[in-house]
**Q** 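I have a structure here, written as C-alpha cells, and I will follow up with some questions on it.
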Amino acid sequence: MDRTRAADLATHARVARLATRTPGGQSDLVPITFALDGDRLVTAVDHKPKTTTRLKRLDNIRTNPEVDILIDHYDDTTWDALWWVRLRGVAQVVSDGPLFDDAVDALVAKYPQYHDIIPAGPVIFIEILRWQWWSADTPVVPD
C-alpha cells in the first residue's frame, strides 16, 4: 500500500478514533465521524446524545492541539483485508465562519444521516502533519 491507497481507504472509511491529550498528559479516545480532504480532516459535535455539551475533547484541544486519528478496517473472515491509517496533526475548535461552513458541508456530503439534522458544531479542524499506514501486505510506512 502506498500513500495514495492509504488516503483513499481513509477517505472512504465511515468511522475513526480521535485521541486528544488531557492536561495531565493522558490520552482521551473517542470514535468520530469525519471527512478527509488531502491533509485536512474535520469532525463535528453533532446531534447524537452526549452526557454534556462541555466535551472533554474540545477542552483538551484548546489546551493541547496535538491529536492523533486512527482509521482502520477489520475483517474477521479474512485477515488479508486488514489495514490501518494513523494521522497526527494539529487541531483547532471552530464555531463559525468559512472553516466551520466548509467542514459541515463536507460532513453532510459524506453522511446521509446529516441530511436531516445538520451538525450544529462546533467543528474540529485538523491539519495533518504526519501519515502512517499498514496493511496485511505492507509494513508500517511513515510519510
Side-chain angles (χ1 to χ4, degrees), residues 1-51 55-143:
M1 177 161 58
D2 61 10
R3 179 171 168 164
T4 300
R5 179 72 176 141
D8 184 58
L9 290 170
T11 298
H12 292 94
R14 306 306 288 171
V15 67
R17 287 108 192 123
L18 170 67
T20 59
R21 289 166 189 78
T22 67
Q26 295 142 332
S27 291
D28 187 51
L29 188 66
V30 294
I32 59 169
T33 55
F34 70 96
L36 182 62
D37 182 20
D39 285 329
R40 295 181 175 175
L41 183 142
V42 295
T43 185
V45 176
D46 60 23
H47 64 281
K48 293 188 297 294
K50 294 163 182 62
T51 56
L55 299 179
K56 189 174 186 180
R57 72 192 91 156
L58 301 179
D59 289 341
N60 290 346
I61 288 168
R62 289 181 182 113
T63 302
N64 180 349
E66 295 177 7
V67 299
D68 296 297
I69 301 101
L70 179 66
I71 307 162
D72 67 302
H73 173 76
Y74 178 80
D75 187 328
D76 221 7
T77 61
T78 174
W79 283 12
D80 292 340
L82 305 181
W83 60 266
W84 58 256
V85 175
R86 181 172 47 209
L87 308 172
R88 295 203 166 140
V90 177
Q92 63 179 307
V93 177
V94 180
S95 296
D96 57 23
L99 285 179
F100 176 87
D101 295 339
D102 290 348
V104 170
D105 289 348
L107 291 164
V108 169
K110 182 173 180 179
Y111 296 96
Q113 298 88 334
Y114 289 148
H115 292 182
D116 295 329
I117 304 176
I118 296 171
V123 301
I124 299 170
F125 181 86
I126 301 166
E127 287 286 342
I128 300 165
L129 303 177
R130 184 168 186 212
W131 289 72
Q132 285 184 290
W133 57 87
W134 173 89
S135 68
D137 60 355
T138 307
V140 175
V141 180
D143 183 37

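On a predicted model such as this, the values are computed, not experimentally measured, just so you know.
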**Q** Using the test side-chain hydrogen bond (donor to acceptor under 3.5 Å, both in side chains), find all partners of Glu127 that sit at least two apart in sequence or belong to another chain.
**A** Arg40
**Q** Could you tell me which non-hydrogen atom of Trp133 sits nearest to which non-hydrogen atom of Val85, and how far apart they are?
**A** CB-CG2, 4.1 Å
**Q** Below 3.5 Å, can you tabulate the donor-acceptor pairs from side chains in residues 95-110 to any protein atom, sequence neighbours excluded?
**A**
{"unit_1": "Lys110", "atom_1": "NZ", "unit_2": "Thr11", "atom_2": "O", "d": "3.1"}
{"unit_1": "Lys110", "atom_1": "NZ", "unit_2": "Ala13", "atom_2": "O", "d": "2.6"}
{"unit_1": "Lys110", "atom_1": "NZ", "unit_2": "Phe34", "atom_2": "O", "d": "3.1"}

**Q** CH2/Trp134 to CG/Leu82 distance, rounded to the nearest 0.5 angstrom?
**A** 5.0 Å
**Q** Tell me which pairs pass salt bridge (charged side-chain N to carboxylate O under 4.0 Å, His left out) where either residue lies in residues 10-36, with sequence neighbours left out.
**A** Arg17-Asp72, Arg21-Asp68
**Q** Who are the side-chain hydrogen bond (donor to acceptor under 3.5 Å, both in side chains) partners of His73, not counting sequence neighbours?
**A** none
**Q** For the atom pair CG (Leu70) and CD (Gln132), what is the distance rounded to the nearest 0.5 Å?
**A** 10.5 Å
**Q** Taking side-chain hydrogen bond (donor to acceptor under 3.5 Å, both in side chains) as the test, write out the residues that go with Thr77, two or more places apart.
**A** Asp75
**Q** Please round to the nearest 0.5 Å and tell me the distance separating atom OG1 of Thr22 and atom CZ of Arg57.
**A** 15.0 Å
**Q** How would you list, by chain and number, every residue that makes a side-chain contact (heavy atoms from CB on, under 4.5 Å) with Ile69, sequence neighbours excluded?
**A** Ala16, Leu18, Leu41, Val67, Ile71, Leu87, Ile126
**Q** Does a salt bridge link Asp8 with Arg5, judged by any charged N lying under 4.0 Å from a carboxylate O?
**A** yes
**Q** Who are the side-chain hydrogen bond (donor to acceptor under 3.5 Å, both in side chains) partners of Asp116, not counting sequence neighbours?
**A** none
**Q** I'd like to check the side-chain contact (heavy atoms from CB on, under 4.5 Å) partners of Arg62; sequence neighbours left out, ordered by chain and number.
**A** Leu58, Asp59, Val93
**Q** Would you check if the side chain of Trp83 reaches a backbone N or O of Leu9 as a donor-acceptor pair within less than 3.5 Å?
**A** no
